[in-house]
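Okay, so here's the structure we're looking at.
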Amino acid sequence: MRVLHLTWFTPPTKPRPAPPFFGQERALKALESAFHQGGHGYLVGPSGLGKRKRFLAYLEGKAFPKEELVYLPLGEEAFPLLLPEGEGRALVEGVEALLAEFTPSLFREKGFLYAKSLVEARYEKEAEALLQDLAEEAKEKGFTLEAEEGGFTLSGQGPLPPELSARLEETILAYVDLRQKAQAQVAALRRGFAERFLLPKAEELKGRFPQAGHYLHWLLENFLRAAALEEALEAEKLLPRLLVEGGVRVVHEPNPTPERLFGHLEYEVREGALTTHLGLLRPGALHRATGGVLVLEAHRVLELGSYPLLKRALATGEVEPLAPRPEVRGPRLKPAPLKAQVFLVGPPEVMAFLEEDEEFLELFPFRVEFAPEIPYTEENVAYLGGFLEAEGVALTPEGLAALADEARRMAGHQGRLDARLFRLLDLAKEAEAYRKPLDREAVQRALRAREERFGLEEELYLQDLKEGVVALEVQGERVGEVNGLVVVEGPWPTGRPVRITAQAGPGREGILSIDREVGLGGQVFHKAVLTLAGYLRGTYAQVGALSATVSLVFEQSYGGIEGDSAGLAELLAVLSALSGLPLRQDLAVTGAIDQTGRVLAVGRVAEKVEGFFRICQALGPTGTQGVVLPKANLPHLTLREEVVGAVEKGTFHLYAVEAVDEAIELLFGRKAYWVHEKVRETLAHFQSLENGEEKG
């Protein structure tokens with residue numbers, strides 16, 4: 001079947017504001033299920049789809065609870081506490097206010113000073129009486145009581161009588177006891193005075209924050225003990241640490257190290273020792289996303305060694321900040337509850353690796369899969385324009401149509417758009433450099449510029465072709481030779497013809513692929529060669545066992561060969577070699593075959609057609625040149641305008657075939673049955689030679 005009509009280009013389309021998940025309804029449905037059930041998930045799809053960015057845009061419209069996370073010190077440990085929005089800050093401010101009340105001026109009030117003076121006066125009077133009695137007793141015996149820096153002593157003439165020495169010791173002990181009682185009484189007075197002043201305020205805080213009652217009781221005891229002992233308070237050891245408050249609860253952590261995910265305690269050097277306190281506690285991304293969503297790049301989680309820790313956190317439902325070195329003195333932190341939904345984002349190869357872990361599938365039950373292609377519809381084209389405009393690209397309806405055409409070319413299908421939006425965005429920004437707002441001409445100039453940047457290898461190939469270094473003909477006829485089509489992979493995949501030759505003779509080896517024998521063929525290529533042999537056996541079964549050896553090779557090909565798209569071309573070369581009938585060299589052939597003779601679709605058909613068209617233009621067009629391709633590939637013909645124009649003018653031709661016999665008639669220029677008969681005659685002749693019935 002000759003293809004005459006190839007017009008496939010997108011009409012001018014006006015952009016329309018795009019929802020984040022346009023064309024990705026499957027992924028959107030999975031996300032909605034994840035949020036409905038509150039489970040963790042992972043976004044998977046090829047790079048360039050904008051998975052993370054589109055997900056974050058989707059989350060912008062969602063409201064999340066904003067609980068506040070506070071860490072409360074309790075001696076050697078610190079405990080987490082989740083409070084409603086605003087309550088965490090209120091608790092911290094309440095404690096700070098309570099601490100501010102505890103100042104030296106608290107004990108300078110008249111009431112306290114008067115009570116203290118009474119206590120001190122009473123004990124002072126008793127102490128003076130003790131000393132007075134001792135002094136009088138000593139005087140009677142000729143000794144004098146004197147006060148020294150270390151206590152009291154008796155001085156006089158001669159040795160101190162034993163009974164007076166015992167009396168001195170007894171008095172000193174009684175005096176010290178009185179002083180201690182005085183201090184204890186003052187301490188009790190200070191504690192009581194502080195309690196009367198602070199207890200109502202502490203009770204008020206307990207009423208407002210019953211969840212923190214244990215901490216507030218501990219805090220009050222610290223205040224009262226400091227008041228009684230006249231000690232200075234170390235505020236950093238008493239104050240709570242407000243770790244998470246307010247803010248946006250959608251967190252994307254681009255560098256998910258264990259420290260940045262789980263938080264950690266920093267430390268400092270004080271008087272030669274390593275110490276820490278809650279004021280040095282830094283929140284992790286899992287803390288900051290409390291009540292919301294944490295988005296992580298899967299490959300970075302793996303690379304940075306955070307995956308095992310993340311799994312443990314999700315399994316236990318707890319986030320434990322990383323502790324400092326063992327020698328650091330400070331509080332031991334209890335884990336905080338994990339209240340965030342976690343989503344990993346990554347390409348299929350990374351996610352396939354993770355999916356091999358059964359724990360991963362248990363912890364991340366929601367697979368959010370992005371399609372690499374979306375349907376080509378007027379609505380999706382308009383949404384594509386809306387996406388580009390939202391990214392700052394100014395474009396005309398004609399420019400949007402040209403970009404949509406390139407998306408269809410990238411997808412390799414007239415009815416689909418490549419979903420790698422950010423690759424199209426890069427192209428659009430490059431096109432804007434030529435004209436803003438960009439139009440079709442600007443897009444075409446950007447594409448030509450890219451082709452030139454990656455086109456050195458193709459330029460050298462064309463030069464070798466024109467100079468005869470590469471042996472290739474695009475006109476005339478040859479026996480056992482056909483032009484197949486391959487794609488040279490790379491940043492800019494390029495179609496290119498390759499000369500396939502076959503030689504036949506009597507023997508028992510069947511189809512012998514030289515490329516296969518020397519290890520240049522991949523597994524799919526090997527399969528195609530065996531499929532070709534199966535076709536020959538089935539088609540010429542009446543001849544008997546194939547008594548032929550046919551060598552087959554891709555000429556001047558020195559790299560690896562993979563795929564089955566040359567199956568039809570190889571078969572035609574074999575049939576030509578067996579029949580002795582020539583093949584047209586002005587037609588290139590692509591297509592796979594099955595054992596029944598059906599021609600099957602292949603990949604990259606547009607690049608292959610354009611590659612042969614380019615070669616024909618370089619070597620000299622004849623008007624008869626063209627490509628034979630599978631009919632199933634017609635929807636994949638997203639050809640450039642110059643190729644479409646040449647086909648419609650009749651200077652270049654495309655032939656879509658469904659069966660091997662259609663290709664035979666095109667390439668041999670004869671009816672297929674006649675070619676088959678010639679092959680049968682040759683095979684019968686080879687069999688006779690093998691059986692010794694004829695002399696070669």
Side-chain angles (χ1 to χ4, degrees), residues 1-3 6 8 372-373 408-416 418 482-490 492-500 502 511 513 515-516 520-535 552 554 557 559-575 583-584 587-615 625-640 643 647 652-664 666-667:
M1 180 186 80
R2 184 176 172 186
V3 182
L6 286 173
W8 62 279
E373 300 165 356
R408 294 162 75 187
R409 277 181 60 82
M410 290 164 60
H413 198 290
Q414 295 178 8
R416 300 173 193 163
D418 193 297
V482 68
N483 287 324
L485 290 169
V486 297
V487 172
V488 179
E489 297 292 348
W492 193 268
T494 306
R496 188 176 291 179
V498 60
R499 191 165 63 100
I500 302 173
I511 304 299
S513 169
D515 296 290
R516 176 184 177 184
L520 291 179
Q523 291 184 345
V524 178
F525 176 78
H526 295 175
K527 178 183 176 183
V529 173
L530 295 174
T531 302
L532 189 159
Y535 169 83
L552 194 64
F554 282 61
S557 175
I561 304 171
E562 183 58 293
D564 60 358
S565 64
L568 179 58
E570 290 174 312
L571 174 60
L572 292 170
V574 169
L575 295 179
L583 292 167
R584 291 175 60 178
L587 293 180
V589 180
T590 185
I593 60 169
D594 64 16
Q595 293 187 108
T596 68
R598 182 182 302 169
V599 179
L600 307 176
V602 295
R604 302 292 186 101
V605 67
E607 287 87 345
K608 292 172 181 177
V609 170
E610 291 170 354
F612 191 63
F613 175 80
R614 187 165 51 250
I615 298 303
Q625 294 151 334
V627 174
V628 178
L629 53 92
K631 185 178 180 180
N633 276 127
L634 287 178
H636 305 112
L637 289 176
T638 53
L639 300 170
R640 297 287 187 203
V643 182
V647 172
F652 192 75
H653 308 275
L654 297 180
Y655 301 94
V657 298
E658 293 182 275
V660 167
D661 284 356
E662 295 176 58
I664 290 174
L666 283 168
L667 270 292

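Heads up: numbering here begins at 1 and tracks the sequence. Please read all numbers here as calculations on a predicted model, not as lab measurements. Keep in mind that the numbers below use all heavy atoms, side chains included, and drop hydrogens, waters and symmetry copies.
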* **Evaluation steps, side-chain contact (heavy atoms from CB on, under 4.5 Å), between Asp661 and Ile664** => CA-CA 5 Å; Asp661 284 356; Ile664 290 174; 3.7 Å; yes
* Asked: Do Leu654 and Leu639 pass the side-chain contact (heavy atoms from CB on, under 4.5 Å) test, and can you show the C-alpha distance, the side-chain angles, and the key distance before you say yes or no?
  -> CA-CA 12 Å; Leu654 297 180; Leu639 300 170; 3.8 Å; yes
* Can you check side-chain contact (heavy atoms from CB on, under 4.5 Å) on Leu568 and Thr590, steps first, answer last? -> CA-CA 6 Å; Leu568 179 58; Thr590 185; over 6 Å; no
* Asked: Between Arg640 and Phe613, is a side-chain contact (heavy atoms from CB on, under 4.5 Å) present by the stated rule, with each step listed?
  -> CA-CA 11 Å; Arg640 297 287 187 203; Phe613 175 80; over 6 Å; no
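Under the side chain to side chain contact (heavy atoms under 4.5 Å, CB included) rule, Val609 has a single partner from Thr638, Val627, Asn633, which is Val627.
A donor-acceptor contact shorter than 3.5 Å is absent between the side chain of Arg604 and the backbone of Pro493. Under the 3.5 Å distance criterion, the side-chain polar atoms of Asp515 are left unmatched by any main-chain donor or acceptor of Ile561. Judged by distance alone, with hydrogens and angles left aside, the side-chain atoms of Arg496 form no donor-acceptor pair with the main-chain N or O of Val486 at under 3.5 Å. The backbone N or O of Glu607 sits nowhere less than 3.5 Å from a side-chain atom of Glu610 that would complete a donor-acceptor pair. Here the side chain of Glu562 pairs a donor or acceptor atom with the backbone of Gln523 at under 3.5 angstrom.
By the salt bridge (Lys or Arg N to Asp or Glu O under 4.0 Å) test, Arg516 pairs with no residue at all, sequence neighbours left out. Scanning for salt bridge (Lys or Arg N to Asp or Glu O under 4.0 Å) contacts around Asp418 gives Arg420, with sequence neighbours left out. In this structure His413 satisfies the ring-ring contact (aromatic ring centres under 6.0 Å, His included) test together with His636, sequence neighbours excluded. Applying the ring-ring contact (aromatic ring centres under 6.0 Å, His included) test to Tyr535 and every residue at least two apart in sequence or in another chain returns nothing. Not counting sequence neighbours, Ser513 has no partner by the side-chain hydrogen bond (donor to acceptor under 3.5 Å, both in side chains) test.
Across all their heavy atoms, Gln414 and Leu634 have their closest contact at NE2-O, 3.6 Å. Taking all atoms of both residues into account, the shortest heavy-atom contact from Ala656 to Lys631 is CB-CA, 3.7 Å. The two atoms that bring Pro497 and Gly611 nearest to each other are CD-O, 4.4 Å, heavy atoms only. Gly521 and His526 make their closest contact through O-NE2, 2.9 Å (heavy atoms, listed as atom of the first residue, atom of the second, distance). Taking every heavy atom of both residues into account, Arg416 and Ala411 meet most closely at O-CB, 3.8 Å. When every heavy atom of Tyr655 is checked against every heavy atom of Leu587, the shortest pair comes out as CE1-CD2, 3.8 Å.
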For residues 592-603, dump all side-chain donor-acceptor pairs below 3.5 Å to protein atoms at least two apart in sequence or in another chain.
| residue | atom | partner | partner atom | Å |
| --- | --- | --- | --- | --- |
| Asp594 | OD1 | Thr596 | N | 3.0 |
| Asp594 | OD1 | Thr596 | OG1 | 2.8 |
| Asp594 | OD1 | Gly597 | N | 3.1 |
| Asp594 | OD1 | Arg598 | N | 2.9 |
| Asp594 | OD2 | Thr596 | OG1 | 3.3 |

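Residues Ile511 and Glu570 form no side-chain contact, since every pair of their non-hydrogen atoms from C-beta on lies 4.5 Å or further apart.
Rounding to the nearest 0.5 angstrom, the gap separating the CG atom in Leu532 from the CG atom in Leu552 is 7.0 Å. For the atom pair Leu571 CG and Ile500 CD1, the distance stands at 11.0 Å (nearest 0.5 Å).
Relative ring orientation between Phe612 and Phe652 is described as tilted, the plane-to-plane angle lying within the 30° to 60° band.
For Glu489, the CD atom is densely surrounded, since the number of other residues' heavy atoms within 6.0 Å is greater than 12.
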